[in-house]
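Let me begin by presenting the structure, written as structure tokens, before commenting on it.
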Amino acid sequence: MSGVLVIAESRRGELREVSLELIGAALGVKEAAGGRLAVAAIGAGAERHADALAAEGVDEVLTIAAPSEHFEPHVHAAALEALIEQEQPALVVLGHTIDSLGFGPAVAAHRGLGFASDVTRLGWDGGPLATRGGYGGKVEVELDFPGKECVLLMLRAGAFPAAQGSGSAPARAVEVQAEPRTEHLGFREVETADVDITQAEFLLSVGRGIEDKDALPQFEELADKMGATLSVSRPLVDAGWVPNARQVGQSGKTVKPKVYLALGISGAVQHLAGMQTAETIIAVNTDPEAPIFGVAHYGAVADLFDVADELAEQFE
Ligand SMILES: Cc1cc2nc3c(=O)[nH]c(=O)nc-3n(C[C@H](O)[C@H](O)[C@H](O)COP(=O)(O)OP(=O)(O)OC[C@H]3O[C@@H](n4cnc5c(N)ncnc54)[C@H](O)[C@@H]3O)c2cc1C
């Protein structure tokens, strides 16, 4: 078995952003996996997404028509089984998303594939290497899959760079017989948060180093002045100081802004899991040994309040 098969995702007729991230991740291991990269779109009207999925480096786009444009786990499972049978890939990648969790693990178990979910890094050493959190996120674990000819990995959304550019991959329709077992009745909107930190280009992120809830308004003002969006580490959410829509990390949001300025954040592995793909990371911490400096591009061993005062003055 060789090559990589990516399963794209769409919702309400729109291609989901994670699809291009899956292709971006797959491109990183494509050559090692045997050189072929196929991307599949499943659902009624799947062929509409063929152009968008034909990113540079993709060899073929496979479209699988389904009775409904809405996600149906039974139909997706049947399509994935058929695609694996036909394509014989060494690696299948899906998003670690609500939809894919509805059929990916079942197919992996049914076919006895190697499997890992919530993967945040992907490598290759004679076969796929997947990095994910272990022991409730306290450590990072690197997994390999000895003896498995085909491995199915579910990749965390936002953790991989999206594929760029458009290639010239041909599209091919694949027939799969599967009747839906559920009926889609409609969507119910959830209440939206006041802010979407995943879309911010500049995040000013504060952690337990600010020590007191009363210090928060100073950083809200500073973020305003700097044109940044305020985000936080988990202790501030656990303390009830800030709504969880602003939490960065494994149990919060995965962000990748152009600039991530971390004030008084130690850099626990669960926090890093949500921000280490930011383009530029700047850390301010009084502890020179703080793990955040391990991922920061720029760092200052300094009191965050001194730095905040100086920034407020500069941006006045
Ligand atoms: C299952 C699980 C999921 C988790 N999910 C998340 C998550 O999604 N996001 C998350 O953030 N955490 C998460 N955590 C918690 C995580 O393990 C850490 O406890 C947390 O990230 C620590 O937050 P912090 O860096 O703000 O606080 P601390 O680790 O207490 O660090 C505070 C830092 O501030 C520095 N400091 C103190 N005073 C100053 C000052 N005046 N100037 C400059 N620096 C100063 C200190 O040197 C220290 O490095 C999770 C934990 C578990 C077990």
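One-based numbering, in listed order, for ligands and for the atoms of each. Any value given below was found using the heavy atoms of this structure, including those in side chains, with hydrogens, waters and symmetry copies removed.
Between the side chains of Arg132 and Ser117, at least one donor N or O sits under 3.5 Å from an acceptor N or O. When only modelled atom types and interatomic distance are considered, Asp99 and Thr97 share no side-chain donor-acceptor pair under 3.5 Å. Side-chain polar atoms of Tyr260 and Ser205 form a donor-acceptor pair below 3.5 angstrom. Under the 3.5 Å distance criterion, with hydrogens and angles disregarded, a donor-acceptor pair is assigned to the side chains of Glu72 and Thr182.
Proximity of a side-chain donor or acceptor of Ser19 to a complementary backbone N or O of Glu9 within less than 3.5 Å is detected. Looking at His96, its side chain never comes within 3.5 Å of a backbone N or O of Arg156 through a donor-acceptor pair. Lys148 places a side-chain N or O within donor-acceptor distance of the main-chain N or O of Gly112, the cut-off being under 3.5 Å.
Contact annotation for Pro235 and ligand 1: only side-chain heavy atoms (C-beta onward) come within less than 4.0 Å of the ligand. With a 4.0 Å heavy-atom cut-off, ligand 1 is reached by the backbone of Ala302 but not by any atom from C-beta on. Both the backbone and the side chain of Ser266 come within 4.0 Å of ligand 1, judged by heavy-atom distances. Contacts with ligand 1 closer than 4.0 Å are made by backbone heavy atoms (N, CA, C, O) of Val248 only, the side chain lying farther away.
For ligand 1, none of its N or O atoms has an N or O atom of Gly207 under 3.5 Å away. Of the polar atoms of Gly264, at least one N or O is found under 3.5 Å from an N or O of ligand 1, judged by distance alone.
Close approach of ligand 1 to Ser251 is summarised as follows: ligand atoms under 4.0 Å from at least one heavy atom of the residue are 3 (C), 4 (C), 5 (N), 6 (C), 7 (C), 8 (O). Atoms of ligand 1 lying under 4.0 Å from any heavy atom of Ile265, numbered from 1 in the order shown and given with element: 25 (O). Applying the 4.0 Å criterion to heavy atoms of Gly252 picks out, from ligand 1, the atoms 8 (O). Near Gly249, with a cut-off below 4.0 Å to any heavy atom, the atoms of ligand 1 are 7 (C), 8 (O), 9 (N). The Gln247 neighbourhood of ligand 1 comprises atoms 6 (C), 7 (C), 8 (O), 9 (N), with distances under 4.0 Å to a heavy atom of that residue. Within the listing of ligand 1, atoms 41 (N), 42 (N) sit less than 4.0 angstrom from a heavy atom of Asp303. Close contacts between ligand 1 and Gly209 involve ligand atoms 32 (C), 34 (O), 36 (N), 37 (C), 38 (N), 39 (C) [criterion: under 4.0 Å to a heavy atom]. Counting the atoms of ligand 1 from 1 in the order shown, those under 4.0 Å from a heavy atom of Ser233 are 11 (O), 23 (O), 24 (P), 26 (O).
The closest heavy-atom contact to atom 13 (C) of ligand 1, among the options Arg208, Gln250, Arg234, comes from Arg234. Between the choices Asp306, Ile210, Thr286, Val301, the shortest heavy-atom distance to atom 44 (N) of ligand 1 belongs to Thr286. Across Val237, Leu304, Leu272, Val232, heavy-atom proximity to atom 43 (C) of ligand 1 is greatest for Leu304. Relative to atom 51 (C) of ligand 1, the option among Lys253, Gln270, His271 with the closest non-hydrogen atom is Gln270.
For residues 7-30, no residue pair satisfies the ring pair (Phe, Tyr, Trp, His ring centres under 6.0 Å) rule, not counting sequence neighbours.
Between Lys30 and Asp59, at least one side-chain nitrogen of the basic residue sits less than 4.0 Å from a carboxylate oxygen of the acidic one, meeting the salt-bridge criterion.
The shortest side-chain heavy-atom distance between Lys256 and Glu21 falls under the 4.5 Å cut-off.
Under the salt bridge (charged side-chain N to carboxylate O under 4.0 Å, His left out) criterion, Glu85 pairs with Arg111, not counting sequence neighbours.
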